[in-house]
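In what follows, residues are counted from 1 in the order of the sequence shown. Atoms within each ligand, like the ligands themselves, are counted from 1 in listed order.
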Amino acid sequence: MIDLADLDLFTDGDPHEAWRVLRRDRPVHWNATGGDTASGVGPSGFWALTRYQDVHDAYVDAGLFSSRWGTVMGGSHRRDADSASGRMLIASDDPQHRLMRQQVHRAFLPALMDRARRVVRDYVNAALDRVLKDGGGDFATDVAPELPAGLLAAMFGLERRDALHLLALTRSMIGFQDPRYHSDSTPPAVLVSSQVEIFDVMMDLMETRRRAPSDDLVSILLGASINGRRFTEDEVLYNCLNVAVGGNETTPFTASAAVQAFMDFPDQAQRLLDDGGLLPTAVEEIFRWTSTNAYVQRVATRDVELHGQLIRAGDPVTLWNASANRDEEKFPNPDRFDVRRTPNRHIAFGVGVHRCIGMGAAQMEIALLLKEIVRRGITFEPAGPPARLRSNFMLGLTCLPVHATVAQDAS
Ligand code: HEM
């Protein structure tokens with residue numbers, strides 16, 4: 001029996017095989033979760049859409065599939081909406097969502113992104129220098145976190161040390177079910193304590209920016225308004241959290257999975273090292289291949305039939321990006337990592353009104369990393385077993401030991 005809520009599948013199993021079976025046999029799959037409902041009235045399970053076209057169409061029909069209940073399962077077992085509902089981009093529906101998004105978008109304009117690019121480049125170069133000097137290291141902890149740390153430092157106006165601290169907090173919040181993050185505590189306690197601490201950090205930042213506004217995200221949101229009224233404190237807080245979590249968790253896991261892919265497909269690594277002109281297609285293939293944000297959740301707002309299955313109003317529906325991006329109907333030879341793949345209309349960032357607002361930032365970060373790898377002619381080789389994050393929401397490596405060497409003629 002396939003169970004997409006079974007986290008062992010994501011640490012020790014082969015979720016891609018499970019998705020392949022679901023795409024073929026049960027494209028609208030009811031995944032029971034054993035009757036464990038928080039309120040006792042919600043459905044004990046969720047629907048899983050795994051084919052590219054179905055996932056795509058569900059994203060686009062935001063009136064039928066609402067975001068108000070939050071996009072991470074957990075909220076799915078309750079009838080009541082996510083606590084951030086209507087106040088955080090990702091947990092809102094239009095028109096409120098659109099009005100908030102216009103404001104948050106101001107933090108992704110070229111001036112701030114240019115600064116972010118410079119900071120990310122400095123952090124990544126310093127980390128690569130350290131790893132090369134040592135002949136290798138743990139890519140997942142020694143290099144990958146520098147990408148979001150650089151972005152965060154620029155977007156929130158933080159020192160590197162504070163950016164790394166915030167990163168550690170969001171990481172334990174998202175990875176709270178992974179033993180790595182709750183060795184001395186229970187998973188729910190880790191979730192709550194990291195959330196509380198993140199809110200404290202954000203509240204402090206808000207206080208500082210109120211006194212001395214700058215051009216960072218917090219200052220932008222403190223000055224933002226919707227239809228003539230200022231953003232509430234909750235709206236500022238929740239949207240800062242949304243950007244911090246969105247930016248922190250995704251790109252480092254993508255970067256580590258990219259290095260793993262280059263080690264699994266050394267011909268593709270060599271192809272890119274030989275021809276840096278392949279960088280744009282290689283970056284998109286990395287997003288398709290890794291699909292770090294495995295799924296998003298929606299809730300059906302009315303009854304709808306899909307492939308002969310009745311989805312009832314109020315049912316949680318999960319859209320599996322990671323499966324859609326390996327759909328054999330959409331991508332020829334989908335299990336081949338191909339840095340020249342084109343066309344490559346992957347949906348790693350979602351589609352429609354909620355499409356990732358940080359997509360440009362993520363592309364900048366991964367392109368920057370690849371550019372440095374190509375420029376220096378770095379080759380990675382495995383130096384030990386990798387470890388996967390215990391999560392079905394974020395597909396990530398928590399540990400990736402590598403040997404790193406530079407080709408003689410590139411040094
Ligand atoms: C590899 C990198 C990334 C991936 C795979 C990714 C994936 C996604 C996906 C699938 C969504 C759509 C959610 C939905 O429809 O419910 C999304 C939304 C979002 N992402 Fe990303 N993301 C990435 C990087 C980033 C970065 C770097 C940031 C911020 C700096 C960010 C911030 C956000 C925010 C704020 C939203 C909510 C947008 C909205 O609801 O309008 N993401 N992301």
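With a 4.0 Å cut-off on non-hydrogen atoms, Leu151 touches ligand 1 through its side chain and not its backbone. At a heavy-atom distance under 4.0 Å, no atom of Thr290 approaches ligand 1.
If you check each of Ser92, Gly246, Ala258 against atom 25 (C) of ligand 1, the one with the closest non-hydrogen atom is Gly246. With Thr250, Val243, Leu241 as candidates, the residue nearest to atom 24 (C) of ligand 1 on a non-hydrogen basis is Thr250.
Every atom of ligand 1 is numbered from 1 in the order shown, and the set under 4.0 Å from a heavy atom of Asn293 is 7 (C), 8 (C), 9 (C), 10 (C). Atom numbering of ligand 1 starts at 1 in the shown order; those under 4.0 Å from a heavy atom of Thr254 are 1 (C). Near Arg101, meaning under 4.0 Å from one of its heavy atoms, ligand 1 places the atoms 38 (C), 39 (C), 41 (O). The Asn321 neighbourhood of ligand 1 comprises atoms 10 (C), with distances under 4.0 Å to a heavy atom of that residue. In the vicinity of Val296, heavy-atom distances shorter than 4.0 Å reach the ligand 1 atoms 13 (C), 14 (C), 16 (O). Counting the atoms of ligand 1 from 1 in the order shown, those under 4.0 Å from a heavy atom of Ala362 are 2 (C), 24 (C).
Atom 15 (O) of ligand 1 has its closest protein heavy atom at Arg298 NH2, 2.7 Å. With hydrogens left out, the protein atom closest to atom 34 (C) of ligand 1 is Ile357 CG2, 3.6 Å, a heavy atom. With hydrogens left out, the protein atom closest to atom 27 (C) of ligand 1 is Gly247 CA, 3.6 Å, a heavy atom. The shortest contact between atom 11 (C) of ligand 1 and any protein heavy atom is with Phe349 O, 3.7 Å. If you check which protein heavy atom lies closest to atom 20 (N) of ligand 1, you get Cys356 SG, 3.2 Å.
A salt bridge is absent between Glu329 and Arg51; no separation between the charged side-chain nitrogens and carboxylate oxygens falls under 4.0 Å. Look at Arg271 and Asp274 and you find no salt bridge, because none of the NZ, NE, NH1 or NH2 atoms lies under 4.0 Å from a carboxylate O. Taking 4.0 Å as the cut-off between side-chain N and carboxylate O, Asp142 and Arg130 do not count as a salt-bridged pair.
Counting heavy atoms from C-beta on, the side chains of Phe349 and Asn293 never come closer than 4.5 Å. Residues Asp54 and Tyr59 fail the side-chain proximity criterion, which asks for heavy atoms closer than 4.5 Å.
The aromatic rings of His354 and His97 are tilted relative to each other, their planes meeting at an angle between 30° and 60°. Relative orientation of the Phe265 and Trp289 rings is perpendicular, given thresholds of 30° and 60° on the angle between their planes. Taking the six-membered ring where the residue is Trp, Trp19 and His16 present perpendicular rings, their angle passing 60° and hence far from 30°. Ring orientation note: the planes of Trp320 and Phe46 are tilted relative to one another, at an angle of 30° to 60°.
Phe262 and Phe380 have their aromatic ring centers separated by at least 6.0 angstrom.
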